[in-house]
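Worksheet: the structure to be examined is printed underneath.
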Amino acid sequence: MHSNIRLVISFAIACVGGLATALLVLPATAGTNSWTAIGPVAYPFAVDPSSPSTIYSVVNRNTVIDPSPSSPFTIYAGVNGNTVTKTTDGGGHWADLAVLAPDQVNSLVIDPASPATIYAALGDPWDDASVPIYKSMDGGAHWAAEAAEFNGRPTSVVAIAPSLSSTLYAGANDAVFKSIDGGLSWEMRSNGLPGVYGFYVSALAIDPTNADVVYVAQRVAGFPGPDTSKIFKSTDGGGQWWQVPIPVPAGADIWSLAIDPATPTIVYAAYAYCDVGGCKGGVFKSIDSGETWVAAQNGLPDTIDVIALAIDPSAPARIYAATQQGVFRSTDAAASWTPINSGLTNLHVWSLSIDQTGSLLRAATAAGLFEYQVFEPSPSGTVPVIEYFYAAFDHYFITSIPDEISALNNGAYPGWVRTGLQFNAYAAPNEHSAPVCRFFSVAFAPKSSHFYTPFAAECAIRQADPAWTLESSDAFDIALPAADGSCAAGLTPVYRFYNNGQGGAPSHRYTTDVTVRAQMIAQGWVAEGLGPNAVEMCSPL
């Protein structure tokens, strides 16, 4: 389907305008609510954002998994401690890429803006001869040692700022390092941290909307006591750190920090520790940017140690926890937890990853890498609004029309691909909804564009413009935000972005994904809507 060719299904339509971003593609299957083995024993792993079938991995207790931001089937993982392996078909086939230094791979991350760029953090905390950071710019085919500025410190974790991917932070023994040029150079940013040998960074999280706001957890290896785990925060890009007290038990290690992508003032911390009574752990939650913390572990067993957390970017109240008794899920922002372990052959889970759509959950266990296809049926009385992308024109298109969806899914219009993102609309008009007008224009040939609005005044203005054709006065039905941009209970914000004329034709994109929202703003797109967050519509959950 070309941008200037009309689709004729239930009414005339055409190629769409939209926004460019790294997105995940949904699998063909609908989801089983059960785990399926897809790979080798993996702890750190990463999924490629640009290829829905690529997975990179490092296997054993120190394996890392990280899904690609644009493709849930491309995964990198670490195997045998220091070997990175990769799959591009969701675990159907794996290939070793490289052996990195003599030490273990502790962390793998993929650049969301350039998915062929991967960073690996390596080292043993007691080996000062380690090379701390490796980088690949070609999907793992070749790697180069980075970070000479670390002075031999091994790294336990590396993270990329979601809102500015050229900015990275790394925890290296007693210090934090920062790069603002994609890892080419690093500077120590540890003013205010203890700086004591034996302390090292066990977790690191960057605010999804502000690359200068960072949290780190530090622990003392092998020394029990009240000071074995601390959280520090910086709001100036690591220039100065201060401690934010958290009441974890004496001897506990904070293994994971996670920030709510929609409400960055909400932060979660997962911890674990062992004493004479056995190993235990749990989750703490802060709603005030780490200033105060409360236990958030209702439903987690008393004899459980929590190793990792993953927040569903499409529905941040849905959180997953990796424990040594399997995977637990919360659907109410950690107010309660329930296990989801059907199909897991080993409950020792070390790492978790969730794709952008919230559809694919991956877990690294002692028995290998497992996948869980989350099945979340649409609420009664709603229909999905599906997003597609046409790379040749960098245009996006949304539709809720079944025949249109079927034609696009089946390749009737070559070049259009499903991004994996969608939101819900009402199946029929109701007292809480407004009809959405849909317009089409060929005035910017060879590119064309679609435009949607739920506001009657905006619909009238566009209808009076001869450059635009009204295709439907009720393309789908959606709730309207309040004047301040807020959505009522049970609704989630839909953000609209305008490309500001980039590419020679107007283009708009509509999304509920806050990660996509940050990416679009960073790319110069203009947010359009009500309130400080520019909310255009409110989608039923």
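Atom CD1 of I287 sits in a sparse spot, with 12 or fewer heavy atoms from other residues, nucleotides or ligands closer than 6.0 Å. Atom CG of L530 is surrounded by more than 12 heavy atoms from other residues, nucleotides or ligands within 6.0 Å.
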Derivation and outcome, side-chain contact (heavy atoms from CB on, under 4.5 Å), residues V535 and Y495:
CA-CA 5 Å; V535 176; Y495 308 103; 3.9 Å; yes
Could you walk me through whether L257 and I259 pass side-chain contact (heavy atoms from CB on, under 4.5 Å), step by step?
CA-CA 7 Å; L257 294 169; I259 303 174; over 6 Å; no
Could you walk me through whether I160 and Y119 pass the side-chain contact (heavy atoms from CB on, under 4.5 Å) check?
CA-CA 9 Å; I160 297 175; Y119 299 87; 3.9 Å; yes
Could you walk me through whether T511 and F497 satisfy the side-chain contact (heavy atoms from CB on, under 4.5 Å) test, starting with their C-alpha distance in whole Å, then the side-chain angles of each, then the deciding distance to 0.1 Å, before giving a yes or no?
CA-CA 9 Å; T511 183; F497 296 94; 4.1 Å; yes
Could you give me the CA-CA distance, side-chain angles and deciding distance for H395 and Y390, then say whether ring-ring contact (aromatic ring centres under 6.0 Å, His included) is met?
CA-CA 5 Å; H395 277 188; Y390 188 67; 7.9 Å; no
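In this structure, CG in D312 is found 10.5 Å from CG in D260, a value given to the nearest 0.5 Å. With rounding to the nearest 0.5 angstrom, the OG1 atom of T265 is 11.5 Å from the CD atom of E291. Summarising the geometry, atom CZ belonging to R509 is positioned 9.0 Å from atom CD belonging to Q523; distances are rounded to the nearest 0.5 Å. The structure places CD1 of I206 at 8.5 Å from OG of S163, a figure rounded to the nearest 0.5 Å. Separation of atoms CE (M537) and OG1 (T492) is listed at 13.0 Å; rounding is to 0.5 Å. Note that the CD1 atom of I319 and the CZ atom of R329 stand 12.0 Å from one another [nearest 0.5 Å].
Two residues are said to be in side-chain contact when any heavy atoms from C-beta on lie closer than 4.5 Å; S342 and Y372 fail this criterion. Within the 4.5 Å cutoff, the side chain of D513 has no heavy atoms near those of the F423 side chain. Annotation: side chain of V327 is not in contact with side chain of F370 (no heavy-atom distance under 4.5 Å). Within the 4.5 Å cutoff, no side-chain heavy atoms of E536 are placed close to those of H508. Side-chain atoms of N430 and D477, non-hydrogen and from C-beta on, never get closer than 4.5 Å to each other. Side-chain contact between R418 and L408 is absent, with no heavy atoms from C-beta onward closer than 4.5 Å. Using a 4.5 Å heavy-atom cutoff, the side chains of I311 and Y268 are in contact. At least one side-chain heavy atom of S449 sits less than 4.5 Å from a side-chain heavy atom of W468.
Across all their heavy atoms, D207 and P264 have their closest contact at OD2-CB, 3.3 Å. Closest approach of W143 to G140, counting heavy atoms only: NE1-O, 2.9 Å. Contact between S136 and H142 at its shortest, heavy atoms only, is OG-O, 2.8 Å. Heavy atoms only, all atoms of each residue included: P429 and D474 are closest at CG-OD2, 4.0 Å. The two residues P316 and A262 have their closest heavy-atom pair at CG-CB, 3.9 Å. Across A505 and N499, no two heavy atoms sit closer than the pair O-ND2, 2.9 Å.
Here the side chain of W35 pairs a donor or acceptor atom with the backbone of I340 at under 3.5 angstrom. No donor-acceptor pair closer than 3.5 Å links the side chain of T512 to the backbone N or O of V494. The main-chain N or O of S289 is found under 3.5 Å from a side-chain atom of Y215 such that the two form a donor-acceptor pair. For the pair K447 (side chain) and D394 (backbone), a donor-acceptor distance under 3.5 Å is absent. R496 contributes a side-chain N or O that, together with a main-chain N or O of Y452, makes up a donor-acceptor pair within less than 3.5 Å. With hydrogens and angles ignored, the 3.5 Å screen pairs no side-chain donor or acceptor of Y510 with any backbone N or O of E387. With N341 contributing its side chain and L344 its backbone, the two residues share no donor-acceptor pair below 3.5 Å. With hydrogens and angles disregarded, no donor-acceptor distance shorter than 3.5 Å links the side chain of S256 to the backbone of A270.
In summary, K178 and D212 engage in a salt bridge, as defined by a charged side-chain N under 4.0 Å from a carboxylate O.
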